[in-house]
Asker: 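Quick one: the structure is below, questions incoming.
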There are 2 protein chains.
Amino acid sequence: METAEGTPRRLRALPSRLANQAALSANRIVDRTLAGAGVRRYHYALLAALAEFGPASQAALGRRTGIDRSDMVATVNELADRRLLERAPDPADRRRNIVSITAAGGDRLADLDRLVADAQEEFLAPLPAADRRSLVDLLTRLVDHHGDRRRAEPGPEA
Amino acid sequence: METAEGTPRRLRALPSRLANQAALSANRIVDRTLAGAGVRRYHYALLAALAEFGPASQAALGRRTGIDRSDMVATVNELADRRLLERAPDPADRRRNIVSITAAGGDRLADLDRLVADAQEEFLAPLPAADRRSLVDLLTRLVDHHGDRRRAEPGPEA
DNA sequence: GACGACCGTGGGCGCGGCCAACGAGTTGCT
DNA sequence: AGCAACTCGTTGGCCGCGCCCACGGTCGTC
């Protein structure tokens, strides 16, 4: 029998790979769940950001969700088509669009929140509550340190 | 000032998102590091698997690294072009190719191992040793539970 | 000998995460 | 007032990863 082919130790023990594999699993679960409701992760993130902070420009929403400005255009388009949000020009700054969530969008978000919560449960299934807290804490510290943004500091002082 | 735009709580507290963001950071670091040596993650994984278990078929390597059979073809091609591994037909089973690492491939892998180790250090920088162990432990438990493979169990007995 | 399973290969797809560029608009400085 | 620097939305593109399907060749097994 040549079944039971294991992952190489070199890879299996690699924190970066572990993080990646865990994220893979998490994303698979969440994506499958959201797909059942006809949305992708970007859609959920955008609706969540809108519900949390109220209307904002696309650029600001991008900063909050980590979605690139160019990808934001398509994401807003898709959700606007479904009447889950609205895009209106900002009279005070004509460069900006003000994006706001609709009532239907709020309702939809509530549904998605439930689905996503279930997905978290599935993802974290093997861990008891205390370990879940540890995990969240550790991951939070990691992401807080390497700040999300592509920081290109100007190198050593000129 | 409208700077300091934060991530919505709903997202920030989401374990699946935290895992994803952490993996994002990890992958950015590792990818940048490997790119400096002219390779991608798939290349490193493949070389590591070869060095660890010796010559194997492409399908077996795919199972060990998590690389799809079709993607494996290209990966093997690229490394074979650089003489880091060799592909030879298996005389005992003419469906198979036997892929084996070359001396140059072994040398290269040793270099990459060092680079990857540095990358881990950078990724884990904010965590003291004890926390790193906790993290690895927690992540390992997560990935061990949802087994890597796309398991499609036949549902309830017919 | 026929069927099923497996292998390598080719082709394709979607998503997430990027970057470059442009025109319109705004802000800041002088 | 004028100009430079910046911001914003948008278009278009790129790449890597993770997948799937289908095909022809090859075992293995009944």
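So you know, we letter chains A, B, ... as the sequences are listed, proteins then strands, and number each from 1. Please read these numbers as outputs of a predicted model, since none were measured by experiment.
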Asker: When the nearest nucleotide of DNA chain D is assigned to A/V73 and to A/N20 on a heavy-atom basis, which residue is associated with the more 5' position?
Answerer: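 Result of the comparison: A/V73.
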Asker: Of the options A/D113, A/L112, A/T75, A/V39, which is the one that meets A/L47 in a side chain to side chain contact (heavy atoms under 4.5 Å, CB included)?
Answerer: A/L112
Asker: Looking at C/dC7, does its base get a donor-acceptor pair with the side chain of B/N97 below 3.5 Å?
Answerer: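 No pair found.
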Asker: Quick check on DNA chain D: between B/D93 and A/A59, whose nearest nucleotide comes earlier from the 5' end?
Answerer: A/A59
Asker: Tell me the interatomic distance from A/I67, atom CD1, to D/dC8, atom C1', rounded to whole angstroms.
Answerer: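 The answer, rounded to whole Å, is 16 Å.
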Asker: Begin with the C-alpha distance, continue with both residues' side-chain angles, and end with the deciding distance and a verdict on side-chain contact (heavy atoms from CB on, under 4.5 Å) for A/R64 and B/T7.
Answerer: CA-CA 5 Å; A/R64 298 208 253 244; B/T7 304; 5.8 Å; no
Asker: Figure out the CD/C1' separation between B/Q58 and D/dT26, and round it to whole Å.
Answerer: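 Distance check: B/Q58 CD to D/dT26 C1' gives 15 Å.
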Asker: Taking everything shown except B/R141 itself, do over 12 heavy atoms lie less than 6.0 Å from its CZ?
Answerer: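 Counting other residues, nucleotides and ligands, CZ of B/R141 exceeds 12 neighbours.
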Asker: Report yes or no: is there a donor-acceptor pair, N or O only, under 3.5 Å between the side chain of B/R40 and the base of D/dG16?
Answerer: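 No, the side chain and the base share no sub-3.5 Å donor-acceptor pair.
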Asker: Whole angstrom is fine here: how far is it from CZ in A/R32 over to P in D/dC20?
Answerer: 13 Å
Asker: Side-chain N or O of A/R63 versus OP1/OP2 of D/dC8: is the shortest distance under 4.0 Å?
Answerer: yes
Asker: Check the distance between C/dG17's P and A/D31's CG and give it to me in whole angstrom.
Answerer: 10 Å
Asker: B/R94 has an atom CZ; how far is it from atom P of D/dG28, in whole Å?
Answerer: 11 Å
Asker: Should the side chain of B/D71 and the base of D/dC19 be counted as holding a donor-acceptor pair, with the cut-off at 3.5 Å?
Answerer: yes
Asker: Can you measure B/M72 atom CE to D/dC19 atom C1' for me and round it to whole angstrom units?
Answerer: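 My rounded result for the distance is 14 Å.
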Asker: How long is the line joining CG of B/D68 and C1' of D/dC21, in whole Å?
Answerer: 11 Å
Asker: Which sits closer to the 5' end of DNA chain C, A/D90 or A/R69, going by the nucleotide each is nearest to?
Answerer: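 Residue closer to the 5' terminus by nearest nucleotide: A/R69.
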Asker: Please tell me whether A/Q58 and A/R96 have a donor and an acceptor in their side chains that are separated by less than 3.5 angstrom.
Answerer: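 No.
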Asker: Is atom CZ of B/R83 surrounded by more than 12 heavy atoms (other residues, nucleotides or ligands) closer than 6.0 Å?
Answerer: no
Asker: Closer to the 5' end of DNA chain C via nearest nucleotide, is it B/N77 or A/Y42?
Answerer: B/N77
Asker: Between B/N97 and B/D90, do the side chains contain a donor N or O and an acceptor N or O under 3.5 Å apart?
Answerer: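 Note: B/D90 and B/N97 side chains miss the donor-acceptor criterion.
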Asker: Begin with the C-alpha distance, continue with both residues' side-chain angles, and end with the deciding distance and a verdict on side-chain contact (heavy atoms from CB on, under 4.5 Å) for A/E52 and B/R9.
Answerer: CA-CA 8 Å; A/E52 191 123 340; B/R9 268 214 165 70; 3.1 Å; yes
Asker: To the nearest 10 degrees, what angle separates the axes at the start and end of the helix from C/dG1-D/dC30 to C/dT30-D/dA1, five pairs each?
Answerer: 20°
Asker: A/S16 and side-chain hydrogen bond (donor to acceptor under 3.5 Å, both in side chains): which partner among B/R41, B/Q120, B/E122?
Answerer: B/Q120
Asker: Is any side-chain N or O of B/R95 under 3.5 Å from a base N or O of C/dC6, one able to act as donor and the other as acceptor?
Answerer: yes
Asker: Please pick, from D/dT26, C/dC18, C/dG16, the nucleotide with the shortest atom-to-atom distance to any side-chain atom of A/R41.
Answerer: C/dG16
Asker: What is the separation between atom CG on B/L61 and atom P on C/dT9, rounded to the nearest whole Å?
Answerer: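 Rounded to the whole Å, the gap is 12 Å.
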